[in-house]
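Throughout, a chain's letter reflects where its sequence line sits, starting with A, and its residues are numbered from 1.
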Number of protein chains: 2
Amino acid sequence: MLELRLVQGSLLKKVLDSIKDLVNDANFDCSATGFSLQAMDSSHVALVALLLRSEGFEHYRCDRNLSMGINLGNMAKMLKCAGNDDIITIKADDGSDTVTFMFESPTQDKISDFEMKLMDIDSEHLGIPEAEYHAIVRMPSSEFARICKDLSSIGDTVLISVTKEGVKFSTRGDIGTANVVCRQNTTVDKPEDATIIEMNEPVSLTFALRYLNSFTKATPLSNMVTISLSSELPVVVEYKIAEMGYIRFYLAPKIEEDDEDPKP
Amino acid sequence: MLELRLVQGSLLKKVLDSIKDLVNDANFDCSATGFSLQAMDSSHVALVALLLRSEGFEHYRCDRNLSMGINLGNMAKMLKCAGNDDIITIKADDGSDTVTFMFESPTQDKISDFEMKLMDIDSEHLGIPEAEYHAIVRMPSSEFARICKDLSSIGDTVLISVTKEGVKFSTRGDIGTANVVCRQNTTVDKPEDATIIEMNEPVSLTFALRYLNSFTKATPLSNMVTISLSSELPVVVEYKIAEMGYIRFYLAPKIEEDDEDPKP
DNA sequence: TATATTTTTG
DNA sequence: CAAAAATATA
């Protein structure tokens with residue numbers, strides 16, 4: 001039997017809004033450790049990894065490891081029916097092919113339960129090796145989102161270059177070129193406004209803006225985002241989820257072309 | 001060399017949002033006096049005249065007169081990438097076929113530069129004669145915008161009639177007729193709420209609401225709008241741009257038909 | 001690309 | 001309640 005009670009239900013709503021556009025169906029894995037998910041996006045280019053640790057739940061009961069195949073769009077639809085201040089409880093009986101979401105309004109005046117069919121999904125749980133990154137940029141998540149959105153109005157890909165001084169985002173398209181430079185800045189009033197760059201060696205990598213823009217759907221989950229870069233390795237875009245865990249997006253860099261219209 | 005630094009960058013963003021729907025391509029003319037533009041709309045019915053005086057810029061350097069052919073849609077796209085509090089600098093080297101827009105965030109932590117190709121545009125700089133107007137109406141720009149929007153849901157054209165008492169906006173359409181009368185009113189708390197009518201003789205003129213609604217895109221630039229009318233002359237709809245200049249729209253009146261479906 | 005509709009925010 | 005922003009749609 002599974003029973004997870006999450007007081008800050010809005011967290012789960014935001015989590016599903018962040019990943020439902022990237023991944024259609026995925027297995028949620030429940031263990032004594034926590035509630036997690038790992039899935040490739042529909043075009044098998046990006047990867048999402050979510051972890052909500054058991055300690056973050058007000059009540060966490062998971063008698064045996066359970067993998068629940070879920071259509072994330074449908075789950076997001078159901079969670080939309082929960083108020084932002086509602087307490088959400090996830091319930092599943094052993095061997096059952098359904099999961100139940102229960103929403104309690106803060107005043108306990110309204111109690112809803114939504115039952116959803118589970119599905120069988122081939123899970124391809126990929127081990128993600130812990131890597132050393134050449135550069136780790138921590139910046140306000142809203143700023144990162146703004147830059148990705150702005151640049152995607154000019155071009156399709158972004159070249160992210162990190163030096164000690166800052167991080168540069170560059171793109172080019174039919175109407176021109178664009179460069180945005182964010183300087184390292186730790187002397188801010190609020191720590192969440194800081195831009196912090198940890199760099200072992202300079203990195204320059206190109207990514208498809210379409211996916212980065214999809215990742216920034218997670219912006220409401222955290223004020224800060226962490227971007228970890230190494231040459232040849234997928235970038236990791238991480239949003240910490242307060243007291244509970246994280247959501248991480250992985251995206252392989254594009255092999256850079258010298259020519260805009262390469263003729264092999 | 002050209003280098004114009006505008007501290008209130010949002011002004012330029014608003015200017016482009018106001019005219020980009022009306023005009024596709026136009027020449028921006030830079031001289032020691034200021035930064036200006038004059039262009040007919042794509043269907044050659046309306047005319048836009050913009051002036052941003054050099055005094056309104058924090059720094060204004062224009063070594064020689066320069067005419068920059070620009071696709072306004074693309075320029076608007078790039079300016080959308082500037083924050084509303086950003087400082088915008090427009091740069092162009094002599095003889096270069098590009099222009100650069102630089103955006104500095106208020107904290108200087110984020111510096112962006114966008115480069116855009118210039119284009120050759122046949123400029124048809126029309127001298128606009130200074131005219132004496134029979135009537136000049138000054139009213140809150142939001143009210144004018146609301147009236148044009150409301151009336152366009154009933155009819156396609158508006159008859160604007162000015163008398164000493166006030167200004168009347170009338171339309172008719174398939175579903176009925178509508179009249180909105182705004183009385184002269186100078187006894188208001190805030191001067192920008194006033195409706196002031198200067199009239200030498202009564203005027204009644206008909207205009208296509210489609211264009212007026214396009215003009216009202218400039219509403220964010222000013223609390224007040226000035227509408228200058230003379231029989232047989234194009235109406236002038238002017239929005240003052242604080243400390244800098246104006247944006248003026250000209251539109252020829254329709255020759256009034258007695259019949260909605262005239263058969264000559 | 002422009003506009004209709006929805007959602008958010010002052 | 002209304003203005004602005006974001007989003008959907010034609």
Side-chain angles (χ1 to χ4, degrees), chain A residues 10 13-14 16-18 20-22 73 76-77 79-85 141-154 173-176 209-210 213-214 216-221, chain B residues 8-26 39 41-43 45-46 48 70-86 116 119 139-156 173 175 180 182 188-190 192-193 208-225 239 249 251:
Chain A
S10 61
K13 292 174 54 126
K14 289 179 194 163
L16 266 109
D17 284 337
S18 324
K20 67 160 203 286
D21 293 336
L22 207 58
K77 254 188 204 167
L79 293 181
K80 282 228 188 308
C81 305
N84 275 325
D85 301 324
S141 57
S142 57
E143 195 166 329
F144 178 64
R146 176 69 196 263
I147 292 168
C148 291
K149 175 174 151 279
D150 284 350
L151 293 193
S152 64
S153 75
I154 309 292
D174 293 340
I175 71 170
L209 278 164
R210 191 184 141 216
N213 271 317
S214 192
T216 61
K217 299 264 160 67
T219 302
L221 281 167
Chain B
Q8 201 180 339
S10 60
L11 274 187
L12 197 62
K13 293 174 53 132
K14 288 178 193 164
V15 162
L16 265 109
D17 283 338
S18 323
I19 56 181
K20 68 160 206 287
D21 294 339
L22 207 57
V23 182
N24 295 124
D25 307 305
D41 85 290
S42 354
S43 47
V45 175
V48 195
I70 286 185
N71 176 295
L72 299 182
N74 291 343
M75 179 170 169
K77 245 188 204 172
M78 289 194 165
L79 293 181
K80 281 225 191 308
C81 303
N84 277 324
D85 301 323
D86 283 4
M116 195 175 80
M119 48 201 301
M139 63 191 297
S141 57
S142 56
E143 194 166 329
F144 178 63
R146 178 66 195 261
I147 292 167
C148 291
K149 177 172 153 275
D150 285 351
L151 294 193
S152 65
S153 73
I154 310 291
D156 299 326
I175 68 168
V180 179
C182 297
V188 286
D189 294 346
K190 299 171 213 153
E192 64 261 33
D193 290 338
L209 279 164
R210 190 182 144 218
Y211 290 97
L212 296 184
N213 271 316
S214 193
F215 301 167
T216 60
K217 298 264 157 72
T219 303
L221 280 167
S222 173
N223 290 323
M224 300 290 297
V225 63
Y239 296 83
F249 301 97
L251 179 65

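- Here the OG1-CG distance, from A:Thr219 to A:Asp17, works out to 12.0 Å after rounding to the nearest 0.5 Å.
- One atom, CG of B:Leu221, and another, C1' of D:dA4, lie 15 Å apart when rounded to the nearest Å.
- Residue B:Lys217 places at least one side-chain N or O closer than 4.0 Å to OP1 or OP2 of C:dT3.
- Atom pair B:Asp41:CG and C:dA2:C1' shows a separation of 15 Å (rounding to whole Å applied).
- When the C1' atom of C:dA2 is taken as reference, atom CZ of B:Phe215 falls 17 Å away, rounded to whole Å.
- One can place CD of B:Glu192 at 14 Å from P of D:dA3, the figure rounded to the nearest angstrom.
- Atom CG in B:Asp17 sits about 13 Å away from atom P in C:dT3, given to the nearest Å.
- Taking atom NZ on B:Lys149 and atom P on C:dA4, their separation rounds to 9 Å, with Å as the unit.
- For the atom pair OG (B:Ser142) and CG (B:Asp193), the distance works out to 8.0 Å, reported to the nearest 0.5 Å.
- Distance CG/B:Asn84 to NZ/B:Lys14: 7.0 Å, rounded to 0.5 Å.
- One atom, CZ of A:Arg146, and another, P of D:dA5, lie 11 Å apart when rounded to the nearest Å.
- Between B:Phe249 and B:Tyr239, the angle of the ring planes goes over 60°, which puts this pair in the perpendicular group of the 30/60° scheme.
- In this structure, CZ of B:Phe144 is placed 19 Å from C1' of D:dA3, rounded to the nearest angstrom.
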